[in-house]
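Position 1 is the first residue of the sequence, and the numbers go up from there.
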Amino acid sequence: MESNKILSIITILIGLMFIIFPLFSANLISIIIGISVLIFGIGLAYSSFITHEISGALSSVMGIFGIVMIIFGLCFIFAINAISFLVGLQFYIVAFMLIMIAVVGFLSDSNVARTGALLYLVLGIVILLIAMFAAENPILITIILGVILIAQGIMGLIYGNEI
């Protein structure tokens with residue numbers, strides 16, 4: 001339970017960095033997104049082990065998405081040479097992951113997970129719609145991603161023992 005609070009605080013701090021310093025280079029933004037996605041993927045994969053007794057199907061889906069997010073996180077961290085191509089694509093991938101996590105949350109029996117899933121779905125759709133502007137206005141995208149990370153961190157702090 002204590003590790004959930006630490007991960008939530010780290011997520012909030014990363015979100016604040018996005019809002020405070022939106023003019024980071026594309027390499028640093030990719031690394032920060034990679035770390036965020038990696039942490040989120042590790043948390044999701046860990047949650048799949050915990051929820052295995054509750055729902056095998058939900059646990060399997062969470063585990064698969066967790067592993068995929070870990071792979072994406074590592075790619076964003078270490079694939080710095082392809083950043084010029086991935087800067088616009090990262091936002092579509094993040095939006096897709098948020099929407100998929102929302103679907104997983106809606107399949108859960110917990111009201112807290114469904115509330116979080118609704119937030120993920122709305123934020124995923126917003127990121128998907130705004131992703132087309134990533135090449136023209138990347139500062140707006142980094143600020144929105146910062147808000148999303150802060151919201152995720154706050155939800156982790158508030159509902160960390162229930163998720």
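- Note that CD1 of Ile101 is 10.0 Å distant from CZ of Phe96, once rounded to the nearest 0.5 Å.
- Placement of Phe49 and Leu107 in two distinct hydrophobic clusters is found when ILVMFWY residues are connected by side-chain heavy-atom separations under 4.5 Å, directly or transitively.
- A 6.0 Å sphere centred on CZ of Phe106 holds more than 12 heavy atoms belonging to other residues, nucleotides or ligands.
- Note: Ile150 CD1 to Leu13 CG = 9.0 Å, rounded to the nearest 0.5 Å.
- One finds the CD1 atom of Ile50 at 4.0 Å from the OH atom of Tyr46 (value rounded to the nearest 0.5 Å).
- Distance check: Leu118 CG to Leu123 CG gives 9.5 Å after rounding to the nearest 0.5 Å.
- Between Leu38 atom CG and Ile77 atom CD1 the span is 5.0 Å, to the nearest 0.5 Å.
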- request: Might you work through the side-chain contact (heavy atoms from CB on, under 4.5 Å) test for Leu121 and Leu98, ending with a clear yes or no?
  value: CA-CA 6 Å; Leu121 181 64; Leu98 285 171; over 6 Å; no
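- A distance of 12.5 Å separates CD1 in Ile67 from CE in Met69, rounded to the nearest 0.5 Å.
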Leu157/Ile12 under side-chain contact (heavy atoms from CB on, under 4.5 Å): CA gap, chis, key distance, verdict: CA-CA 10 Å; Leu157 286 174; Ile12 291 171; 3.6 Å; yes
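- Residues that satisfy the side-chain contact (heavy atoms from CB on, under 4.5 Å) test with Ala151, not counting sequence neighbours, are Leu119.
- In plain terms, the two heavy atoms of Ala95 and Gly124 that are nearest each other are CB-O, 3.4 Å.
- Two different hydrophobic clusters hold Ile42 and Ile71 under the rule that ILVMFWY side chains link at heavy-atom gaps under 4.5 Å.
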